[in-house]
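No experiment lies behind these values; they were computed from the predicted model shown. Proteins get letters first, then strands, A, B, ... in listed order; numbering begins at 1 in each.
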Amino acid sequence: MKLELESVVKTYGTQRALDSLDLIIEDTMCLALIGPSGGGKSTTLRLLAGLESPTSGTIRIDGNEIAHEDWQLREYRQRVGVVFQAYNLFPHFDAITNIALPLEKVHGYSRGKSLEKAGMLLDQFQLTDHRFKKPAELSGGQNQRVAIARAIAPDPDIVFLDEPTSALDPEMTAEVLEAIETLIESKNKLVIATHQMGFAKHAADTVAIIAEGKLVEVGNSSQVIDSPRTARAQKFLKAYLKF
Amino acid sequence: MSFVSLFFGSSDASETESRPLSRWVSFGGAILFLSLVLYASFSALEYQWNWESALRYKKKFADGWIATLWISALSLFFAFLIGSLATLCSRARFLPVRYLSMIYVELTRGTPLLVQIFFFFYVVADAAGIQNRYVVGIAIMAIFSGAYISEILRAGVEGVGKSQLLSAKAIGFTEYQTFRYVIAPQALRSSLPALAGQTANLIKDSSLLSVIAISEFTLNAQEVNAITYSSFESFFPLAIGYLILTLPIMRLSRSIENRLRFET
């Protein structure tokens with residue numbers, strides 16, 4: 001996929017989350033957005049996912065500008081998947097319904113087909129035994145895998161993952177990262193905001209560092225993480241290596 | 001366990017659950033204390049009990065109790081419709097509708113039910129040509145309770161987390177689908193304890209309909225009192241009749257509350 005962000009500004013009240021961000025990526029299968037918390041990577045991801053509109057500037061994906069109108073945005077959002085840091089599953093539905101309901105109500109599957117597909121995805125993520133459990137009865141790692149299954153169920157063009165492991169302990173982080181790796185293996189296009197440098201380096205082909213609302217550095221993942229060129233990127237990555 | 005410790009529990013309410021003996025003894029003690037206070041009060045009054053004359057009118061009590069049950073049930077049904085509608089209107093894009101809903105809720109909650117009963121009965125119903133006072137009574141109770149139910153539901157709707165709405169948006173739900181599958185079920189669930197409490201209030205408040213001569217439980221008890229001159233023999237059954245309706249509802253409200261707490 002090709003991503004183009006041109007002088008994108010996003011403000012919340014007086015706070016400037018993105019301060020004229022320019023980012024052009026010609027071709028990537030998996031892009032990792034890294035950088036300090038509050039630096040703008042999650043905002044960038046939300047704009048790309050069509051969950052919010054930029055205050056100014058343009059965003060194009062594969063040459064098509066993301067719409068501003070609500071109904072056009074909804075159409076766009078139906079073609080992409082999003083995974084959130086806090087899973088954001090619906091607490092009153094069990095795991096299988098969380099996955100099947102959007103298929104049935106948004107993507108026009110019959111009830112039987114939607115449940116069949118949801119069941120297959122639960123199998124794929126080793127959640128077969130948990131299909132009828134509600135989010136409160138599942139661990140964080142299990143919930144996040146259900147959320148990933150929900151995001152990829154309608155075969156989206158792109159899957160956006162917003163710090164999918166930041167709320168998890170190391171063991172659960174590993175199981176969720178493994179699940180994400182299977183998405184990459186099956187040729188899903190991903191954009192992931194993450195603090196997992198090791199994962200960004202080996203799983204993503206492109207890494208962009210965003211800090212203070214601006215692009216710091218972008219390029220091949222191992223090159224950016226192992227030998228960053230800019231001082232800001234070096235400072236950020238050094239802090240990671242130190243502890 | 002010493003005798004004294006039977007009467008003491010910890011600040012954690014669930015701890016006493018495991019000590020049934022302690023619970024029963026303490027509960028009995030509380031009831032005994034209240035009975036003594038009541039007995040002492042009536043002794044001081046030197047009241048002449050005359051249950052026989054009041055009991056002759058037990059059919060009147062029963063009829064009134066059943067009338068109250070019906071009035072409450074129908075009022076509750078319509079109150080729920082009105083309350084839900086007012087909640088939807090309070091979120092309307094068209095601002096005059098939003099303000100209409102706001103004014104309805106504030107005026108109804110801010111004025112005494114008695115005033116509303118007189119106003120609707122003598123002004124609105126009269127102008128609308130509604131003759132049946134039971135219809136008017138149910139309408140008044142539905143409008144009155146509807147305002148409270150609307151507030152309860154509104155709080156429930158506002159309590160649905162922002163992350164849930166974001167998730168619904170990401171999935172591609174329309175506004176209607178978001179409301180139908182995400183907001184409404186969660187809001188309703190969290191509102192249930194308060195709604196049960198409001199139901200108990202509605203049953204008690206319906207006693208005020210006696211002022212427009214609707215022969216429900218309270219009016220019938222008043223009539224028995226007027227015929228037999230035995231006030232307490234008329235009003236004790238009244239209190240107990242209301243408790244039979246409200247106590248189970250309040251227990252239900254409590255148990256729903258507990259269950260919801262465990263779920264989250």
Heavy-atom count around [X] [atom1] within 6.0 Å, excluding the residue itself: above 12?
| X | atom1 | result |
| --- | --- | --- |
| Glu137(A) | CD | yes |
| Arg91(B) | CZ | no |
| Arg254(B) | CZ | no |
| Tyr12(A) | OH | yes |
| Arg98(B) | CZ | yes |

Under 4.5 Å heavy-atom distance to chain B, tell me which part of [X] shows up: side chain, backbone, both or neither.
| X | result |
| --- | --- |
| Phe93(A) | side chain |
| Arg46(A) | side chain |
| Leu73(A) | neither |
| Phe90(A) | both |

Check: According to the side-chain hydrogen bond (donor to acceptor under 3.5 Å, both in side chains) rule, which pairs have a member within residues 152-164 of chain B, sequence neighbours left out?
Finding: Glu151(B)-Arg154(B), Arg154(B)-Glu158(B), Gln164(B)-Gln186(B)

Note to self: Please identify, among His92(A), Arg150(A), Gln78(A), the residue contributing the most non-hydrogen atom pairs under 4.5 Å to chain B.
What the structure shows: His92(A)

Margin query: If the contact rule is any heavy atom under 4.5 Å from chain A, which residues of residues 165-185 of chain B qualify, in numerical order?
Written below: Leu166(B), Ser167(B), Ala168(B), Lys169(B), Ala170(B), Ile171(B), Gly172(B), Phe173(B), Thr174(B), Gln177(B), Tyr181(B), Val182(B), Pro185(B)

